[in-house]
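Accompanying notes for the structure given below.
Any value given below was found using the heavy atoms of this structure, including those in side chains, with hydrogens, waters and symmetry copies removed.
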Amino acid sequence: MEKKDLLEFSPVRYFDNVTGGLKECEMGLVTAKKGLGKTSVLVQLGLDSLLNDKSLIHVSFDQRSSNVISWYSSVIAEIAKKKHLNDMDAMAEEIVRNRTILNFNQETFSLPKVANTIKALKEGGVSVNAIAVDDLDLAKASKEDLAFFADFVKSEKMTAWFSYTSESATLKDTLDADKLALFSTVCHLAPESNGLALSILKNNGAEAEGKVNLDAKTLLMSK
């Protein structure tokens, strides 16, 4: 089995069936209350980019690089277990080969600085097609900084997923309208009677409805 053959096993296929997926030049947002599983969702989306032979920058504002690496290893292991795939060690190394992890402190590093760091990496020969920004406090980020980053994503023809701690299950209470306008897709993760569900609040730039279930044990997207 080759890396590309794993695409059909990616949990993100369930998400794509509901939303159509994030397009080039677009940004998406995953919200949930703290500790519920935002990072797992972000890692699944990032892993799917890697399976699509896209180079990924994973930016963490909350976790050490070792913790981020553990998340990716865990998600790959759960997919392998669920699909009864054996001898995944070599394949796992190949999958994450095009992943770069960056750690920043929001008190000292703004989104424009993140964008400039990624731009410098690209100029130095590092290919970047997709970005995952984990646990940035978007309420503290200025509209101008977020708009700068959105323009950067567009100019470089990339995609970017953000995670953000928020308990709100309604679009209007998630962020200020001018910030929300910069995200093409917005999803909210919350408990349901039979597990967890990722509710689609916005898709293709407009308010939307729909949901993707998550396995309560593995946190993988599912039917």
Side-chain angles (χ1 to χ4, degrees), residues 1-30 37-60 68-85 87-102 114-115 118-119 121-122 125-134 149-150 152-163 183-187 189 198 200 203-205 210 212-215 218-223:
M1 178 179 288
E2 297 182 7
K3 182 177 68 172
K4 63 181 181 181
D5 297 323
L6 288 173
L7 265 177
E8 64 178 289
F9 297 134
S10 171
V12 178
R13 296 289 77 72
Y14 299 113
F15 181 82
D16 287 350
N17 288 340
V18 176
T19 66
L22 205 62
K23 307 298 189 299
E24 188 178 89
C25 301
E26 291 182 344
M27 299 202 310
L29 176 64
V30 178
K38 296 185 303 298
T39 296
S40 177
V41 172
L42 205 66
V43 166
Q44 290 173 64
L45 293 164
L47 182 60
D48 197 68
S49 294
L50 293 170
L51 290 173
N52 268 296
D53 286 326
K54 296 179 179 179
S55 298
L56 172 74
I57 297 284
H58 186 111
V59 180
S60 178
V68 176
I69 291 170
S70 294
W71 269 109
Y72 278 89
S73 298
S74 176
V75 169
I76 292 172
E78 290 296 346
I79 293 173
K81 186 188 302 182
K82 187 174 183 179
K83 299 301 179 180
H84 307 291
L85 305 174
D87 301 322
M88 283 289 294
D89 290 345
M91 182 69 70
E93 289 184 14
E94 181 184 353
I95 290 170
V96 299
R97 189 173 297 159
N98 290 325
R99 178 200 63 195
T100 301
I101 299 171
L102 301 176
V114 174
I118 295 173
K119 186 176 181 180
L121 287 172
K122 292 191 68 175
V126 177
S127 175
V128 185
N129 308 111
I131 305 170
V133 182
D134 194 15
F149 198 86
F152 170 68
V153 168
K154 290 177 183 177
S155 66
E156 299 293 335
K157 296 180 170 57
M158 299 184 294
T159 59
W161 277 104
F162 285 69
S163 73
F183 293 98
S184 299
T185 300
V186 179
C187 314
L189 182 64
L198 190 64
I200 313 303
N203 193 39
N204 294 320
V212 180
N213 294 320
L214 270 71
D215 184 287
T218 66
L219 297 180
L220 294 183
M221 299 181 201
S222 62
K223 291 182 180 179

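Here the OG atom belonging to Ser55 is positioned 8.0 Å from the CG atom belonging to Leu50, to the nearest 0.5 angstrom. Interatomic distance, Leu189 CG to Ser40 OG, rounded to the nearest 0.5 Å: 8.5 Å. Here the OG atom belonging to Ser127 is positioned 11.0 Å from the CG atom belonging to Leu121, to the nearest 0.5 angstrom. The line from CG of Leu220 to CZ of Phe9 is 13.5 Å long, rounded to the nearest 0.5 Å.
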Evaluate Ile131 against Met27 for side-chain contact (heavy atoms from CB on, under 4.5 Å), listing each step before the verdict. CA-CA 9 Å; Ile131 305 170; Met27 299 202 310; over 6 Å; no
Run the side-chain contact (heavy atoms from CB on, under 4.5 Å) check on Val114 and Leu102 step by step: do they pass? CA-CA 9 Å; Val114 174; Leu102 301 176; 5.6 Å; no
Which is it for Leu214 and Val41 under the side-chain contact (heavy atoms from CB on, under 4.5 Å) test, yes or no, and what are the steps along the way? CA-CA 9 Å; Leu214 270 71; Val41 172; 3.8 Å; yes
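In this structure, the side chain to side chain contact (heavy atoms under 4.5 Å, CB included) partners of Lys157, at least two apart in sequence or on a different chain, are Glu24, Cys25. Partners of Lys122 under the salt bridge (charged side-chain N to carboxylate O under 4.0 Å, His left out) rule, at least two apart in sequence or in another chain, are Glu156. Ala130 is linked by a side chain to side chain contact (heavy atoms under 4.5 Å, CB included) to Ser49, Leu56, Thr159, counting only residues two or more places apart in sequence or in another chain. A search for side chain to side chain contact (heavy atoms under 4.5 Å, CB included) contacts involving Thr185 returns Phe15, Leu22, Trp161, Cys187, Asn203, not counting sequence neighbours. By the side chain to side chain contact (heavy atoms under 4.5 Å, CB included) test, Asp215 pairs with Lys217, Thr218, sequence neighbours left out. For Glu26, the salt bridge (charged side-chain N to carboxylate O under 4.0 Å, His left out) criterion is met by no residue, not counting sequence neighbours. With sequence neighbours excluded, the residues that form a salt bridge (charged side-chain N to carboxylate O under 4.0 Å, His left out) with Asp16 are Arg13. For Asp53, the side-chain hydrogen bond (donor to acceptor under 3.5 Å, both in side chains) test picks out Lys3, with sequence neighbours left out. Every residue two or more places apart in sequence or in another chain that forms a side-chain hydrogen bond (donor to acceptor under 3.5 Å, both in side chains) with Ser10 is listed here: Asp48.
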If you look only at distance, which donor and acceptor atoms sit under 3.5 Å apart when one is on a side chain in residues 72-85 and the other is two or more places apart or in another chain?
{"from": "Tyr72", "atom 1": "OH", "to": "His58", "atom 2": "ND1", "distance (Å)": "2.9"}
{"from": "Ser73", "atom 1": "OG", "to": "Ile69", "atom 2": "O", "distance (Å)": "3.1"}

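When only modelled atom types and interatomic distance are considered, Ser60 and Asp134 share no side-chain donor-acceptor pair under 3.5 Å.
The two residues Leu219 and Gly37 have their closest heavy-atom pair at CD1-CA, 4.2 Å. Scanning both residues, Phe149 and Ala160, for their nearest heavy atoms gives CE2-CB, 4.2 Å.
When atom types are taken as modelled, the side chain of Gln44 and the backbone of Pro11 share no donor-acceptor pair closer than 3.5 angstrom.
Looking only at side-chain heavy atoms (C-beta outward), Leu51 and Val12 stay at 4.5 Å or farther from each other. Residues Ile95 and Leu6 have side chains in contact (heavy-atom distance under 4.5 Å, counting atoms from C-beta outward). Residues Lys119 and Val128 are not in side-chain contact: their nearest non-hydrogen atoms beyond the backbone lie 4.5 Å or more apart.
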